Amino acid sequence: MAYIEFTNEKGPRRVELREKPVTIGRQVGNILSLNDEKLSRHHLVMERRRDGCYVRDLGSRNGTSVNNRLLAGEIKLEHGDVVRAGNHEFRYFSSQPAAAAPAKKPIGSTPPSVDLQATRAESTMPAPGSARQPTTQKWEMPTVNEADGAAPARQLAMLADSLPSKPFGANDIELINARGDLVHAKWSEDDDVPAETVTILRLLLLCTFRTRASDIHIEPKGETYVCRIRADGSMVTIAAMKKDLGIRFMSLVKILCDIDIAARNIVQEGNFVSRVPDRKVDYRVSMTPSIFGQKLVIRALDSANAPRYLWDLNLPEHMFRTIEKAIKRDAGMMLVCGPTGSGKTSTLYSVLRSIDATERNVVTIEDPVEIQIEGVTQMPVDQKTGSTFASLLRSTLRQDPDVILVGEIRDAETAKTAMQAAMTGHLVFSTVHSRDTTGSVFRLLDLGIEPFLVASGLNLLLAQRLVRALCPFCKQPTSPSDDQLREMGGKYENLTKIYRAGGCIKCLGTGFSGRRGVFELLVVDDQVRAAISKNNQAEILASLAGGRFTSLKQHGYSLVADGVTTFDEVDRVVGD
């Protein structure tokens with residue numbers, strides 16, 4: 001049993017932590033909605049997993065502290081920990097306090113001075129309210145030392161140890177091959193020391209876990225192999241290997257993927273799995289020949305890096321209320337738009353998880369199915385067998401669905417069928433590639449869909465982008481320029497402080513840690529429907545002028561004013 005205790009205006013309270021995450025904030029949609037002006041609308045979430053309970057800050061403006069240390073990312077709670085958010089203190093209790101784990105030996109060929117075992121996150125941030133001290137620890141580009149064969153493992157171990165989120169260590173990562181066989185189990189001090197390549201792979205995966213990286217790139221560069229990861233959308237070099245070690249590392253990955261290790265000048269693809277204390281993670285592997293050898297890209301399909309529920313999206317309050325109300329309806333369509341990599345599918349997944357799949361028949365049609373959702377029937381598109389979006393959608397409509405997710409609207413047939421489904425008693429979600437909400441309307445019209453069908457079927461259009469969030473350890477205050485204030489609008493004319501990116505080892509020198517969504521929501525009411533039916537863009541824009549319509553840039557500038565991101569980042573991502 002695990003629970004938290006706190007005191008509010010009604011007196012002491014106790015809340016048990018069960019399978020459903022407990023969200024805390026000012027917004028009424030939270031499990032704990034508290035009247036506290038210092039709390040953000042969606043401030044933090046406490047989640048119970050198989051190995052314990054975790055607390056995660058949801059990008060709040062005042063931050064969350066655990067035992068008077070500011071939280072960055074998430075951390076596993078221990079019996080007696082005190083979590084502070086706003087004016088409230090939450091004390092965590094567990095009926096089985098965790099015993100101190102015995103120390104383990106380092107794995108692989110890394111020198112004994114480098115401890116690869118994960119320890120609890122120890123932040124160097126000052127307590128909330130105290131003066132911020134400048135960060136002096138900088139990120140240095142790794143290099144190859146010919147005389148030091150253990151350099152890659154040491155570089156990765158030191159990097160992993162410097163990162164703030166440490167729920168587990170490299171020793172705890174198990175490697176499972178493409179056939180589902182456990183090849184490299186969790187390492188303990190009684191086991192033989194694993195091979196150097198296994199150590200490096202485990203450390204690379206550990207760094208991706210702690211940085212929430214989406215990809216690992218191993219690139220041959222003459223006599224070296226350079227290791228880079230894509231963290232928060234940016235490529236960062238984290239290690240370098242000598243050529244012979246790089247070749248052996250590539251062979252290890254091929255063995256895990258069950259592909260031919262002798263072939264080195266062809267395109268090869270495969271997959272493998274890692275298992276950590278609280279979940280399994282799938283990896284998609286692609287090897288492509290280059291002038292110095294095959295380049296390896298490992299894509300991590302880690303559901304923990306994406307928002308799980310609707311409240312995790314950090315939507316503005318009026319958008320959250322509107323979408324929360326819309327997903328409870330029996331019919332209509334919600335369309336999410338944006339370019340590739342803007343998080344459209346992750347948003348729809350979080351919406352689906354917020355729907356009770358035990359009471360409704362939820363079906364998805366995706367190309368491909370990358371993350372499985374419990375209780376949801378997921379269908380993959382397969383062009384070779386004729387299973388297209390349109391054909392699967394027609395088939396699905398004969399199976400009495402309540403909620404349908406169509407991965408992407410690419411053609412007129414899919415769009416028309418989805419619109420008709422939305423009008424005939426089905427709740428439909430889908431995505432489309434367009435710049436903004438009004439552009440999505442005309443994208444559908446360009447596909448040849450009749451204006452009256454678009455106007456009748458659509459309920460909501462959500463446009464989104466992803467901006468990098470400032471690293472809480474090294475962000476630096478600055479004064480906005482006159483041009484910036486003029487661009488942001490009269491609402492911010494009295495703004496005196498914004499933030500710019502710094503750069504420290506905890507954010508790999510980028511100045512950013514994590515990403516936040518920038519949203520634009522168009523509610524299709526009677527006035528907008530009339531404008532769509534006339535196929536008149538000017539009337540659509542005029543119908544938005546008097547309402548609560550917030551454009552992508554306006555929402556982005558609100559994040560700048562709150563110190564979440566930088567002005568330049570919003571300008572880069574959203575554009576004109």
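The model shown is predicted, which means the values in this text are computed figures rather than measured ones. As a basis for the values below, the full set of heavy atoms in this structure was taken, side chains included, without hydrogen atoms, waters or symmetry mates. We count residues from 1, following the sequence as given.
Checked for salt-bridge contact, R410 and D367 meet the test: a charged N lies under 4.0 Å from a carboxylate O. A salt bridge links D181 and R179; the closest N-O separation between the charged side-chain nitrogens and carboxylate oxygens is under 4.0 Å. Ion pairing between a basic and an acidic side chain is recognised when a charged N comes within 4.0 Å of a carboxylate O; D278 and R49 show such pairing. A salt bridge links R56 with D312: at least one charged nitrogen is closer than 4.0 Å to a carboxylate oxygen. In this structure, R228 does not pair ionically with D215, as no charged nitrogen and carboxylate oxygen lie closer than 4.0 Å. Looking at E47 and R308, a side-chain N of the basic residue comes within less than 4.0 Å of a carboxylate O on the acidic one, giving a salt bridge.
Using a 3.5 Å distance cut-off with no hydrogens or angles, the side chains of N68 and S65 do not pair a donor with an acceptor. For Q464 and T347, the side-chain atoms include at least one donor-acceptor pair closer than 3.5 Å. No donor-acceptor contact under 3.5 angstrom links the side chains of R84 and T64, judged on distance only.
Here CH2 of W187 is found 6.0 Å from CG of N171. Values are rounded to the nearest 0.5 Å. Taking CD of E408 as the reference point, atom NZ of K344 lies at 7.0 Å (rounded to 0.5 Å). Atoms CG and CG, on L462 and L335 in that order, are 9.5 Å from each other to the nearest 0.5 Å. Once rounded to the nearest 0.5 Å, the distance linking CZ of F519 with OG of S342 reads 9.5 Å. Atoms CD and OG1, on E366 and T431 in that order, are 10.0 Å from each other to the nearest 0.5 Å. Within the model, atoms CZ of F512 and NZ of K475 stand 11.5 Å from one another, a figure rounded to the nearest 0.5 Å.
Using a distance-only test at 3.5 Å, with no hydrogens or angles considered, no donor-acceptor pair links the side chain of Q378 to the main chain of I365. In this structure, S354 contributes its side chain and S350 its backbone to a donor-acceptor pair below 3.5 Å. A donor-acceptor pair under 3.5 Å is absent between the side-chain atoms of Q27 and the main chain of R41, judged by distance alone. When atom types are taken as modelled, the side chain of S430 and the backbone of V406 share a donor-acceptor pair closer than 3.5 angstrom. A distance-only check finds a donor-acceptor pair linking the side chain of S440 to the backbone of D436 [under 3.5 Å]. A distance-only check finds a donor-acceptor pair linking the side chain of R202 to the backbone of I173 [under 3.5 Å]. T23 places a side-chain N or O within 3.5 Å of a backbone atom of I31 that can act as its donor or acceptor partner. Although no hydrogens or angles enter the test, the distance criterion places a donor-acceptor pair under 3.5 Å between the side chain of D81 and the main chain of E78. When atom types are taken as modelled, the side chain of R48 and the backbone of L17 share a donor-acceptor pair closer than 3.5 angstrom.
Here Y349 pairs with nothing under the ring pair (Phe, Tyr, Trp, His ring centres under 6.0 Å) rule; sequence neighbours left out. With sequence neighbours excluded, the residues forming a ring pair (Phe, Tyr, Trp, His ring centres under 6.0 Å) with H42 are F320, listed by chain and number.
Nearest heavy-atom pair across A357 and G375 is CB-O, 3.6 Å. Listed here is the closest heavy atom pair of L205 and S274: CD1-CB, 4.1 Å.
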If you look only at distance, which donor and acceptor atoms sit under 3.5 Å apart when one is on a side chain in residues 294-302 and the other is two or more places apart or in another chain?
{"residue": "Q294", "atom": "OE1", "partner": "K254", "partner atom": "NZ", "Å": "2.8"}
{"residue": "Q294", "atom": "NE2", "partner": "I266", "partner atom": "O", "Å": "2.8"}
{"residue": "Q294", "atom": "NE2", "partner": "Q268", "partner atom": "OE1", "Å": "3.0"}
{"residue": "K295", "atom": "NZ", "partner": "H217", "partner atom": "ND1", "Å": "3.4"}
{"residue": "K295", "atom": "NZ", "partner": "E219", "partner atom": "OE2", "Å": "3.3"}
{"residue": "R299", "atom": "NH1", "partner": "E370", "partner atom": "OE2", "Å": "3.0"}
{"residue": "D302", "atom": "OD1", "partner": "R279", "partner atom": "NE", "Å": "2.9"}
{"residue": "D302", "atom": "OD1", "partner": "A304", "partner atom": "N", "Å": "3.1"}
{"residue": "D302", "atom": "OD2", "partner": "R279", "partner atom": "NH2", "Å": "3.0"}

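A centroid separation of less than 6.0 Å is found between the aromatic rings of F209 and F168.
By the 6.0 Å contact criterion, CG on N265 is open, its count of non-hydrogen atoms from other residues, nucleotides or ligands being 12 or less.
Using cut-offs of 30° and 60° on the angle between ring planes, the pair Y283 and F272 is parallel.
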